[in-house]
Amino acid sequence: MKTLAIFDLDGTLLNTSYDLMNAVNYALEKLNYNPVTLDEVIKKTGRGIKRLIEDTISSSDDNIKEEALSYFKDYYFNNCTKETYIYDGIKDVLKTLKKKEIKLAVVSNKSQEFTSKIISFYFDGIFDLVLGAREGLNLKPERDMIDYVLKELDAKTQEVIYIGDSLIDYQTAKNSNLEFLNVSYGFVKREVLESNGINTILNEAKEILNYF
């Protein structure tokens with residue numbers, strides 16, 4: 001029997017790509033770098049904001065990267081809900097799972113301050129636990145964050161389904177011995193998922209309910 005659903009954030013619950021791109025390009029503009037495209041940002045999203053900036057700034061100077069990260073954080077915190085939107089059907093899925101008394105958690109490599117702000121804006125009061133990047137926990141695909149959620153919500157691995165959209169999520173589920181559902185409407189194209197041996201790929205959010 002399943003008692004807990006753990007969701008990734010970017011590309012799974014919400015399309016955050018436009019606000020991420022705007023924040024990256026704000027930082028690049030402040031440092032006189034050329035802007036990046038939406039596709040470039042999507043491809044580099046998933047391993048945390050620090051990694052996103054490091055992969056975007058074409059400089060080996062750590063001071064420049066730190067400055068860019070500071071610009072990004074300032075802009076993103078104030079604008080992270082401007083163009084972000086909920087994927088079709090997600091809210092109904094979450095409401096139905098709550099009615100079934102399934103516990104709900106978010107695990108994101110996005111820092112805790114951003115994760116908390118975004119989730120409270122779009123899904124206030126829905127999730128039992130919202131976990132973003134924090135000191136002492138390795139980022140996904142390491143299992144630290146998943147183990148933290150299981151302990152906090154008193155759940156066993158066999159009672160949990162993890163839902164994500166990326167290869168990082170797939171590897172996270174494997175490392176944590178969790179059943180995994182990969183949605184295809186997010187940041188990673190279906191053919192990429194299939195070519196990496198992912199079998200359970202959902203086209204629509206409502207299909208998640210078939211597994212609870």
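Note that this is a predicted model, so its numbers are computed, not measured.
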Original post:
Transitively linked via ILVMFWY side-chain contacts under 4.5 Å: Ile168 with Ile53?
Top reply: no

Subject >> Partners meeting side chain to side chain contact (heavy atoms under 4.5 Å, CB included) with Lys189 (sequence neighbours left out) >> reply: Glu191, Val192

Quick check: are there more than 12 heavy atoms from other residues, nucleotides or ligands sitting under 6.0 Å from [atom1] of [X]?
X: Asp154; atom1: CG; answer: no
X: Glu29; atom1: CD; answer: no
X: Asp61; atom1: CG; answer: yes
X: Lys44; atom1: NZ; answer: yes
X: Asp74; atom1: CG; answer: yes

Any donor-acceptor pair under 3.5 Å from [X] side chain to [Y] backbone:
X: Thr12; Y: Leu9; value: no
X: Lys100; Y: Leu209; value: no
X: Lys117; Y: Phe77; value: yes
X: Tyr122; Y: Lys91; value: no
X: Lys2; Y: Gln158; value: yes
X: Lys82; Y: Asp19; value: no
X: Asn15; Y: Ser17; value: yes

Interatomic distance, [X] atom [atom1] to [Y] atom [atom2] [nearest 0.5 angstrom]:
X: Ile208; Y: Phe7; atom1: CD1; atom2: CZ; result: 4.5 Å
X: Lys103; Y: Ile6; atom1: NZ; atom2: CD1; result: 11.5 Å
X: Gln171; Y: Ser176; atom1: CD; atom2: OG; result: 9.5 Å
X: Thr3; Y: Glu101; atom1: OG1; atom2: CD; result: 11.5 Å
X: Phe180; Y: Ile163; atom1: CZ; atom2: CD1; result: 9.0 Å
X: Leu129; Y: Leu104; atom1: CG; atom2: CG; result: 11.0 Å

[X] versus [Y], closest heavy-atom pair with distance:
X: Val93; Y: Lys206; answer: CG2-CA, 3.8 Å
X: Leu4; Y: Phe212; answer: O-CE2, 4.1 Å
X: Leu178; Y: Thr157; answer: CD2-O, 3.7 Å
X: Gly11; Y: Asp165; answer: O-CB, 3.2 Å
X: Ser184; Y: Asn203; answer: OG-OD1, 3.2 Å
X: Ala105; Y: Val149; answer: CB-CG1, 3.8 Å

Contact check, side chains of [X] and [Y], non-hydrogen atoms, under 4.5 Å:
X: Val160; Y: Glu179; value: no
X: Phe187; Y: Thr45; value: yes
X: Asp128; Y: Leu153; value: yes
X: Asn199; Y: Glu194; value: no
X: Arg143; Y: Thr172; value: no
X: Leu137; Y: Leu131; value: yes
X: Leu52; Y: Arg47; value: no

Original post:
Could you walk me through whether Val24 and Tyr75 pass the side chain to side chain contact (heavy atoms under 4.5 Å, CB included) check?
Top reply: CA-CA 9 Å; Val24 169; Tyr75 182 94; over 6 Å; no

Subject >> Tyr162: which of Leu181, Asp8, Asn182 passes side chain to side chain contact (heavy atoms under 4.5 Å, CB included) >> reply: Asp8

Subject >> Glu54 bridged to Lys50 by N-O distance under 4.0 Å >> reply: yes

Original post:
With the threshold set at 4.0 Å, does a side-chain nitrogen-carboxylate oxygen contact exist between Asp169 and Lys140?
Top reply: yes

Original post:
Are Tyr85 and Thr16 close enough, and set up right, to give a side chain to side chain contact (heavy atoms under 4.5 Å, CB included), and what steps lead you there?
Top reply: CA-CA 7 Å; Tyr85 60 86; Thr16 56; over 6 Å; no

Subject >> Counterpart residues, salt bridge (charged side-chain N to carboxylate O under 4.0 Å, His left out), relative to Arg51 (two or more places apart) >> reply: Asp55

**OP:** Would you please name every residue forming a side chain to side chain donor-acceptor pair (under 3.5 Å) with Thr115, sequence neighbours left out?
**Re:** none

**OP:** Assess whether side chain to side chain contact (heavy atoms under 4.5 Å, CB included) is satisfied between Leu13 and Ile119, documenting all intermediate values.
**Re:** CA-CA 9 Å; Leu13 293 171; Ile119 292 298; 4.1 Å; yes

Subject >> Check against side chain to side chain donor-acceptor pair (under 3.5 Å), Asn175 and Glu142 >> reply: CA-CA 7 Å; Asn175 290 343; Glu142 300 301 322; 5.2 Å; no

Subject >> Under the ring-ring contact (aromatic ring centres under 6.0 Å, His included) test, residues paired with Phe114 that sit two or more places apart >> reply: Tyr76

**OP:** Quick one: list whatever passes ring-ring contact (aromatic ring centres under 6.0 Å, His included) with Phe123, sequence neighbours left out.
**Re:** Phe127

**OP:** Would you please test Tyr148 and Arg134 for side chain to side chain donor-acceptor pair (under 3.5 Å) and show each step?
**Re:** CA-CA 11 Å; Tyr148 180 92; Arg134 59 173 67 176; 3.1 Å; yes

**OP:** Could you walk me through whether Met21 and Thr37 pass side chain to side chain contact (heavy atoms under 4.5 Å, CB included), step by step?
**Re:** CA-CA 7 Å; Met21 179 189 69; Thr37 66; 5.8 Å; no

Could you pull out every donor-acceptor pair under 3.5 Å between side chains of residues 62-69 and any protein atom, sequence neighbours left out?
| residue | atom | partner | partner atom | Å |
| --- | --- | --- | --- | --- |
| Lys65 | NZ | Ser59 | O | 3.3 |
| Glu67 | OE2 | Tyr71 | OH | 3.4 |

